[in-house]
2 protein chains.
Amino acid sequence: MTAPVPALATRPGGRSARVRAAVHRAVAELVAETPADGLTVPAVAARAGVHPTTVYRRWRTVGELLADVATSRFSGEVVVPDTGSLRGDLRRWAADVATDLADPDVLALMRATLGAGGQQGACACRGDRENQLAAMIERERARGGPVPTVERAADALLGPLYYRAVFLDAPGDADWARGLVELLLPGPG
Amino acid sequence: MTAPVPALATRPGGRSARVRAAVHRAVAELVAETPADGLTVPAVAARAGVHPTTVYRRWRTVGELLADVATSRFSGEVVVPDTGSLRGDLRRWAADVATDLADPDVLALMRATLGAGGQQGACACRGDRENQLAAMIERERARGGPVPTVERAADALLGPLYYRAVFLDAPGDADWARGLVELLLPGPG
DNA sequence: CGAGTATCGCACTGATCACTGCGTCAGCTA
DNA sequence: TAGCTGACGCAGTGATCAGTGCGATACTCG
């Protein structure tokens with residue numbers, strides 16, 4: 001958790017960044033294509049047009065590589081909206097998350113990361129979703145409105161969203177995701 | 001989906017069943033021990049005291065093997081309670097599921113199955129949890145009580161339960177699981 | 001623009017894995 | 001108890017993978 005990508009800190013620009021991007025793209029493509037396993041370092045390197053040695057050096061194992069890719073993928077795709085009310089923020093945010101999770105490639109990446117990355121990979125798949133949730137709730141609290149706990153909001157929103165995406169074949173759509181918010185927040189819809 | 005274990009149908013007793021049990025136990029042990037990946041057919045065979053050829057024949061790939069083990073593991077561990085009321089049934093059932101998911105070995109098996117088994121593995125991890133939920137709800141409906149849809153119950157119960165188990169480090173305890181039921185069912189707690 | 005340093009590519013090795021005929025043995029049935 | 005069928009173990013092969021020095025290259029900083 002201290003330095004997932006030690007190389008990027010010392011030399012951020014130029015070829016290193018290019019190699020990193022190519023490897024990330026290769027991982028995403030291969031995970032989306034291959035059924036499930038079979039994701040090996042030589043395969044990733046060949047797809048990225050990079051020597052396998054490079055991948056072995058920068059990322060120790062396939063699990064760390066997947067966790068790194070997942071961290072990048074699940075951070076920044078969804079932004080925290082600001083509609084003026086907690087209900088509006090959560091509705092838009094939940095719909096965005098649901099849309100993001102509906103992508104089969106994202107799903108494949110998440111499953112592969114869970115399998116190979118262990119606990120670290122699982123946390124990478126959450127990205128900063130819980131932090132975004134906390135930010136929206138905190139903003140509402142600053143406005144003086146009644147707010148649920150972050151824990152409860154995560155149970156009511158992230159739980160169903162991720163459960164459907166990972167374990168069911170049919171990911172929820174945006175309307176269903178917005179409905180989750182109505183169940184979480186009492187009062188007039 | 002037609003015949004996950006073709007061998008068991010024709011010759012259920014004796015050595016075949018013994019081999020199957022040994023392989024299942026070996027998979028569970030190895031998944032619990034090894035960090036994440038590295039689960040190979042030779043390793044499983046060696047742990048089970050079985051020749052690798054046998055594993056290759058009965059289960060085509062590691063993914064199918066994991067899906068088979070997960071199906072066995074996640075079916076039958078939790079039974080449908082019958083307390084006389086939907087609330088009581090769900091409370092006990094949710095607590096049982098939470099307790100089951102708190103086992104790190106179960107968690108490791110689930111993550112590995114998700115990673116290697118793809119969609120089939122994901123369904124295997126649910127086991128017959130949704131069917132159990134549907135059974136409890138259907139029984140309450142026969143009693144004439146108000147019931148939520150199975151979909152909503154799954155979102156409110158299985159969603160948080162599985163989300164916490166897989167993506168968070170801290171699985172929910174039994175009290176928290178019972179609290180989920182109170183949020184699902186309106187009225188007096 | 002030049003020196004310094006980190007990163008990458010190349011060639012190589014040991015080890016492991018996935019997979020296939022063939023003979024043998026155990027379990028079902030009459 | 002005897003015959004038959006199917007599952008298992010054995011030996012072996014081609015292929016792939018993980019991991020390691022060494023030289024070359026590209027980026028950063030003074």
Side-chain angles (χ1 to χ4, degrees), chain A residues 2-27 30-31 33-69 112 115-118, chain B residues 2-27 30-31 33-69 112 115-118:
Chain A
T2 57
V5 188
L8 204 69
T10 58
R11 185 169 287 186
R15 191 164 68 166
S16 293
R18 210 158 47 236
V19 166
R20 178 183 148 94
V23 170
H24 274 219
R25 194 178 328 124
V27 168
L30 283 178
V31 162
E33 290 176 10
T34 62
D37 55 354
L39 186 75
T40 60
V41 170
V44 171
R47 175 64 66 100
V50 169
H51 206 270
T53 313
T54 302
V55 181
Y56 281 120
R57 289 203 205 283
R58 291 187 61 159
W59 299 274
R60 196 82 61 91
T61 65
V62 179
E64 291 186 28
L65 174 56
L66 274 170
D68 186 32
V69 174
Chain B
T2 57
V5 188
L8 205 67
T10 57
R11 185 169 288 186
R15 190 164 68 166
S16 292
R18 210 158 47 235
V19 166
R20 177 183 148 94
V23 170
H24 275 221
R25 193 178 329 123
V27 168
L30 283 178
V31 163
E33 290 175 10
T34 62
D37 54 354
L39 186 75
T40 60
V41 170
V44 171
R47 174 65 65 100
V50 169
H51 206 270
T53 313
T54 303
V55 180
Y56 280 120
R57 289 203 205 282
R58 292 187 62 160
W59 300 274
R60 197 83 60 92
T61 64
V62 179
E64 292 186 28
L65 173 57
L66 274 170
D68 186 32
V69 174

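Letters A, B, ... mirror the listed sequences (proteins, then strands); counts begin at 1. Quick caveat, the model's predicted, so the values are computed rather than measured.
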Heavy-atom protein contacts under 4.0 Å, nucleotides 14-22 of chain D, coded B base, S sugar-phosphate only, - none: ---SBBBBB
Rounded to the nearest angstrom, tell me the gap between atom CZ in B/Arg58 and atom C1' in C/dC19.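 Rounded to whole Å, this separation is 18 Å.
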Over how many whole Å does the gap from B/Leu65 atom CG to C/dC19 atom P extend?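 Going from CG in B/Leu65 over to P in C/dC19 covers 14 Å.
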Check every atom of D/dA7, C/dG27, C/dG9 against the side chain of B/Arg18 and return the nucleotide holding the closest atom.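 Closest nucleotide to the B/Arg18 side chain: C/dG27.
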Would you check if A/Leu66 and A/Val31 make a side-chain contact, meaning some heavy-atom pair closer than 4.5 Å?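 Yes; the side chains approach each other to less than 4.5 Å.
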Are A/Trp59 and A/Val41 close enough that some pair of their side-chain heavy atoms sits under 4.5 Å apart?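 Sidechains of A/Val41 and A/Trp59: no contact.
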Output, in order, the C-alpha distance, side-chain angles, deciding distance and verdict of salt bridge (Lys or Arg N to Asp or Glu O under 4.0 Å) for B/Asp68 and B/Arg58. CA-CA 11 Å; B/Asp68 186 32; B/Arg58 292 187 62 160; over 6 Å; no
Report the residues that fulfil side chain to side chain contact (heavy atoms under 4.5 Å, CB included) with B/Thr40, sequence neighbours left out, ordered by chain and then residue number.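 With neighbours one apart ignored, the set is B/Pro42, B/Ala43.
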If every non-hydrogen atom of B/Ala45 is compared with every non-hydrogen atom of B/His51, which pair is closest and at what distance?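 Looking at all heavy atoms of both residues, the shortest contact is CB-C, 3.9 Å.
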